[in-house]
Structures are given as structure tokens and as C-alpha cells.
2 protein chains.
Amino acid sequence: MPTILIVDDEEDIRELIAINLLREEKYSLLEAINGLEALHLAKTKRPDLIILDLMLPEMDGLTVHKNLRDDPRTVNIPVIMLTARGRLEEKIHGLEMGADDYLAKPFSPKELMLRVRNLLRRTNPNQGGSLIESGPFSLDKNALKLHLEGEEIELTATEFKLLLSLIESPGITQERGDLLKKVWGYSDMIQTRTLDTHIKRLREKLGANGNSIETVRGVGYRFLEGASH
Amino acid sequence: MPTILIVDDEEDIRELIAINLLREEKYSLLEAINGLEALHLAKTKRPDLIILDLMLPEMDGLTVHKNLRDDPRTVNIPVIMLTARGRLEEKIHGLEMGADDYLAKPFSPKELMLRVRNLLRRTNPNQGGSLIESGPFSLDKNALKLHLEGEEIELTATEFKLLLSLIESPGITQERGDLLKKVWGYSDMIQTRTLDTHIKRLREKLGANGNSIETVRGVGYRFLEGASH
DNA sequence: TCTCGCGGTGACGTAATTGTCACGACAGCA
DNA sequence: TGCTGTCGTGACAATTACGTCACCGCGAGA
């Protein structure tokens with residue numbers, strides 16, 4: 001699931017993009033308002049694609065873009081630029097600086113989505129951190145497999161999503177409601193034993209490392225990095 | 001030096017593009033006026049990029065594009081579409097069909113050039129030969145044939161495209177929806193057994209190596225490089 | 001027109017996956 | 001110590017996803 005960073009001052013636009021992308025349920029989003037925040041996010045979270053509005057409050061969009069290109073960590077993340085009007089010089093300037101695509105407002109949300117999709121298709125397939133490591137665990141997003149102490153453990157789609165949710169925030173307790181929402185899309189406050197059952201199945205598959213998943217009574221579960229006692 | 005195929009009825013445009021591209025001395029060009037000629041050129045000379053005007057005399061540009069996408073030899077050559085006006089539906093239709101970029105006339109020659117450059121930059125590394133090798137497999141894009149352990153296996157066009165899609169990203173799971181879109185052009189989320197059937201036929205033809213195509217339940221399929229256990 | 005190969009569809013069987021239930025264990029509390 | 005609410009667990013049933021097959025339509029070529 002590719003992650004997309006949206007850098008835009010206007011709430012309308014961010015919302016528009018978010019709604020249209022998330023409807024496909026194949027993308028996750030980050031959002032940023034000013035340039036510095038965007039740079040920080042891009043470097044720490046490594047999005048697969050950046051949508052960058054050139055009109056930003058604190059920092060000019062082109063400057064943000066230049067900073068992205070100057071940093072080896074972000075240099076080859078593709079960028080789609082948005083601008084107020086199709087001012088040709090700006091457009092050319094943007095493309096010259098290495099923007100991968102350029103849209104003038106107002107744009108059709110559908111067109112943006114298609115351009116996002118096309119760009120990711122060309123750009124994504126072979127790379128992208130498909131490996132997530134934490135302690136002795138190594139999750140392979142592509143194969144839905146878990147590598148643990150040399151063993152290769154197969155997980156089902158649900159188990160994988162659940163473990164991923166836990167492992168993404170090690171040490172943090174995730175409330176039952178949040179997990180249900182993240183993994184199952186359940187609206188909050190539902191009464192079900194489904195979560196417990198899947199936790200149990202996960203623990204079974206983790207074998208001796210099953211205690212990495214800790215129960216926080218009355219709240220939820222959390223993943224411990226250095227477990228196995 | 002990447003080769004670019006220009007398909008356009010209007011001499012002005014061809015000239016405009018040619019002048020601008022050749023000035024950089026980094027490109028070689030092919031030209032075509034009508035659709036059939038374009039298809040022929042695309043298949044025999046394998047350009048790295050195609051610039052396709054939708055207004056063609058004998059054959060509609062979208063038809064040309066569809067033909068390009070249907071043929072495994074040309075399916076992943078990137079396409080930039082040109083059209084008379086920024087008619088939104090046409091634009092969306094084009095992008096949906098897998099055009100990598102879309103420009104409305106009149107366009108700035110400089111913008112086109114930059115988009116060409118960006119597209120080639122993203123796209124080129126993988127391409128080149130008509131032979132794709134992976135493990136004991138060797139796919140010949142021109143002959144639509146598969147060589148495997150000395151044997152020569154004939155594949156139909158659909159089978160070839162499917163295998164190609166899988167083999168292009170070894171180890172990466174391709175979702176059912178993506179495969180349906182890539183190989184069949186189906187819009188997403190369609191319920192059909194077509195994909196399964198063709199996977200089965202492929203596995204049959206691969207014989208003992210059939211297990212190179214692995215099912216990832218609930219997600220899709222993926223191609224394994226070192227299989228055959 | 002006939003034949004043949006290809007490609008797609010729907011029916012069906014099977015296996016994997018998932019959610020629910022019942023019940024027991026246990027912590028927290030008074 | 002007994003009560004209460006929460007969680008772990010195993011069994012079970014429902015659902016979903018996939019593999020396989022038979023069959024049909026279509027277009028190319030004879």
C-alpha cells in the first residue's frame with residue numbers, strides 16, 4: 001500500500017484528494033501544511049509519492065521541491081505539482097526541476113487520481129520498503145510472510161494486518177476499538193470476540209515469541225520489542 | 001539513445017516535436033502518419049516512447065492505443081497522448097486506458113520535451129532487449145515464446161501477457177485487480193474466474209515449474225525466481 | 001460452411017479463512 | 001471469599017477464495 005504525502009495549504013484540496021484516494025482503499029496518506037513539516041515528514045516516513053502545492057504559506061513550494069531533490073533520502077520520490085493556474089513558465093520551471101507531473105487548478109479529482117496511479121505504476125513495482133523489521137521479527141508485505149529466527153511463518157491476510165498494526169507502534173498500547181477499526185473497518189464500540197481469537201491465532205503462530213503481544217486488560221493490546229522471556 | 005515514435009497526422013506538430021527533441025541530440029525518432037503504420041513500426045522497431053495524437057485519419061488514436069496495449073510486444077511502452085482540446089472525458093478516458101501522460105493542444109514544445117524526458121527517466125532502466133530472463137525462464141517478446149530448460153513452449157497472447165506481468169516483478173505479489181487491469185484492461189474489482197483459468201493454463205504449460213507461480217490467498221499471485229521444489 | 005484454437009463464463013467441489021459461541025480462568029475489588 | 005467483568009481457548013459453522021471442468025462464442029483459415 002503506497003503512502004502519499006500531500007503538501008497543501010488549502011483544506012479543500014487536501015480533503016478532495018484524501019477522499020478520492022482513500023476511496024480505493026489502496027493508499028495511505030500523510031498530510032502536511034507548511035514546507036518544513038513536509039520536508040520532515042518526507043525524510044522520516046518516506047512516502048512513495050508527493051503531491052506538492054506550489055502555494056504554501058511559510059515556504060515556497062519550489063524551495064521545498066529543491067530541498068527534496070537535494071537530499072539523497074528523498075531525491076527519487078516522484079512529485080506531482082499543483083499550481084493555481086496553468087502559468088506556463090511556472091509549469092516549465094517545475095517540470096525542469098524534475099517534477100514528474102504537473103496539474104493546474106482547478107483540476108478534476110479523477111484526473112489526479114489517474115495520474116497518481118500511473119506514476120506509481122511506473123515507479124513503484126520493484127522498490128518500496130516491503131520489509132518491516134522489529135526485533136527478531138521481519139514482516140514481508142509482499143508475500144504476507146513473517147520471518148522469525150530463520151523460520152518462515154505464513155500468515156493469513158487478516159493476521160498480517162493485525163500484526164502489522166501492532167508492530168507499527170511498538171510499545172504503544174492499541175485500544176481494542178482502534179484495532180477493530182484499523183483491521184476490520186468496524187465502527188467503534190462493537191462487542192465481539194473476533195479480535196481475541198485472532199490474537200490467539202497470532203500468538204500460536206509466533207510460538208515462543210507469542211508473548212511479544214501483551215494484553216492490556218480493559219484497554220487493548222501492545223507489541224513488545226524485546227520479548228521472549 | 002532512446003527512440004521515440006511520433007504518430008501524428010499534422011506535419012506541423014511532427015516537425016515541432018522533431019526539432020525540439022533533436023536539438024538535444026539525445027533522441028532518435030521514428031515517424032508515422034496513420035495507425036496501421038504506427039502499429040507496424042511499434043512492433044518491429046520497439047521505440048522507447050510513443051507520442052500519439054488522438055486525431056488520426058484512418059484509425060482512431062484510441063484504437064491504436066488499445067492495439068498497442070493488447071500486444072505483449074508493445075504493452076509496456078509508455079505513451080504520451082496529444083489531443084485537440086482539453087476535453088475532460090477524453091483525457092480521463094486516455095489516462096484510464098493507461099496512457100502515461102496527456103497533453104492538450106496547443107502545448108508548449110518545451111513542456112512536451114520535459115515530459116518526454118521525465119517519462120524516459122522513470123521508465124527506461126528496465127527496458128531494452130526483447131528478451132526477459134528470470135531463473136530458468138527466458139521470455140522472447142518478439143516471438144511470444146518461452147524457453148525453459150531447453151524446451152520451447154508456445155504461449156498464446158493472453159498467456160504471454162500474464163506471464164510477462166508476473167515475471168517482470170519477481171517476488172512481488174500482484175493483486176488480482178492489477179493483473180486484470182494490466183492484462184485484460186478490466187476496470188478494477190470485477191468478479192471473474194478468467195484470471196484463475198489462465199493461471200491454471202499457464203501452470204500446465206510450465207509443467208514442473210508451474211509452482212513458480214504462487215497463489216497469495218486473498219491478494220493475488222506472484223512469481224518466484226528460484227522455485228521448482 | 002466447417003473446423004480449430006483461443007479465450008471467457010458459470011457451475012461445482014474443496015480447502016482455507018474467518019467469526020461466533022460457550023465455557024473456563026483469572027484479575028480486580030470489596 | 002465471593003462477585004464481576006474481561007480475556008483465553010477450543011469447537012463449530014459460515015463464508016470466502018481458489019482450482020478445475022465443461023461448454024460456448026468468436027474469428028481465422030481452409
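As a basis for the values below, the full set of heavy atoms in this structure was taken, side chains included, without hydrogen atoms, waters or symmetry mates. Chain letters run A, B, ... following the sequence lines, proteins first, then strands; residues in each count from 1.
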Among B:V64, B:L62, B:D70, B:L68, whose side chain to side chain contact (heavy atoms under 4.5 Å, CB included) with B:K66 holds? B:D70
Can you list every pair that meets ring-ring contact (aromatic ring centres under 6.0 Å, His included) and has a residue in residues 143-180 of chain A, with sequence neighbours left out? none
Non-neighbouring partners of A:E204 that pass salt bridge (charged side-chain N to carboxylate O under 4.0 Å, His left out), sequence neighbours left out: A:K200
Taking only residues two or more places apart in sequence, or in another chain, which ones meet A:E175 in a side chain to side chain donor-acceptor pair (under 3.5 Å)? none
Test side chain to side chain donor-acceptor pair (under 3.5 Å) applied to B:R201 - qualifying residues, sequence neighbours left out: none
Please report, rounded to the nearest Å, how far the P atom of D:dT9 is from the CD1 atom of A:I199. 11 Å
Not counting sequence neighbours, which residues clear side chain to side chain donor-acceptor pair (under 3.5 Å) with A:D8? List them please. none
If you find the nucleotide of DNA chain D closest to B:V216 and the one closest to A:G220, which residue's nucleotide is nearer the 5' end? A:G220
Rounded interatomic separation in angstrom, taking CD from B:E204 and P from C:dC6: 13 Å
In whole angstroms, how far is the P atom of D:dC12 from the NZ atom of A:K200? 13 Å
Specify the separation, in whole Å, of atom CG of B:D196 and atom C1' of C:dT9. 12 Å
Each nucleotide in nucleotides 16-30 of chain C should get exactly one letter: B, S or -. Can you fill that in based on protein heavy atoms under 4.0 Å? BSBBB-B--------
Determine yes or no for a side-chain-to-main-chain donor-acceptor pair under 3.5 angstrom, with A:E159 supplying the side chain and A:T156 the backbone. yes
Non-neighbouring partners of A:E15 that pass side chain to side chain donor-acceptor pair (under 3.5 Å), sequence neighbours left out: none
A:H198: ring pair (Phe, Tyr, Trp, His ring centres under 6.0 Å) partners, not counting sequence neighbours: A:W184
Give every donor-acceptor pair under 3.5 Å between a side-chain atom in residues 214-224 of chain B and any protein atom, sequence neighbours left out.
{"residue": "B:E214", "atom": "OE1", "partner": "B:R222", "partner atom": "NE", "Å": "2.8"}
{"residue": "B:E214", "atom": "OE1", "partner": "B:R222", "partner atom": "NH2", "Å": "2.9"}
{"residue": "B:T215", "atom": "OG1", "partner": "B:R203", "partner atom": "NH2", "Å": "2.9"}
{"residue": "B:R222", "atom": "NH1", "partner": "B:G171", "partner atom": "O", "Å": "3.2"}

Could you check how far CD of B:E214 sits from P of D:dC18, rounded to whole Å? 13 Å
Is the phosphate of D:dG19, meaning OP1 or OP2, less than 4.0 Å from a side-chain N or O of B:Y221? yes
What are the atom names and distances for every N/O pair under 3.5 Å that joins the protein to nucleotides 27-30 of chain D?
none

Just report the end-to-end axis angle for the helix from C:dT1-D:dA30 to C:dA30-D:dT1, five pairs per end, to 10 degrees. 20°
Applied to residues 160-173 of chain A, the salt bridge (charged side-chain N to carboxylate O under 4.0 Å, His left out) test, sequence neighbours excluded, yields none
Value in whole Å for how far the P atom of C:dC6 lies from CG of B:L162: 16 Å
Under 4.0 Å from OP1 or OP2 of D:dT20: is there any side-chain N or O of B:R203 that close? no
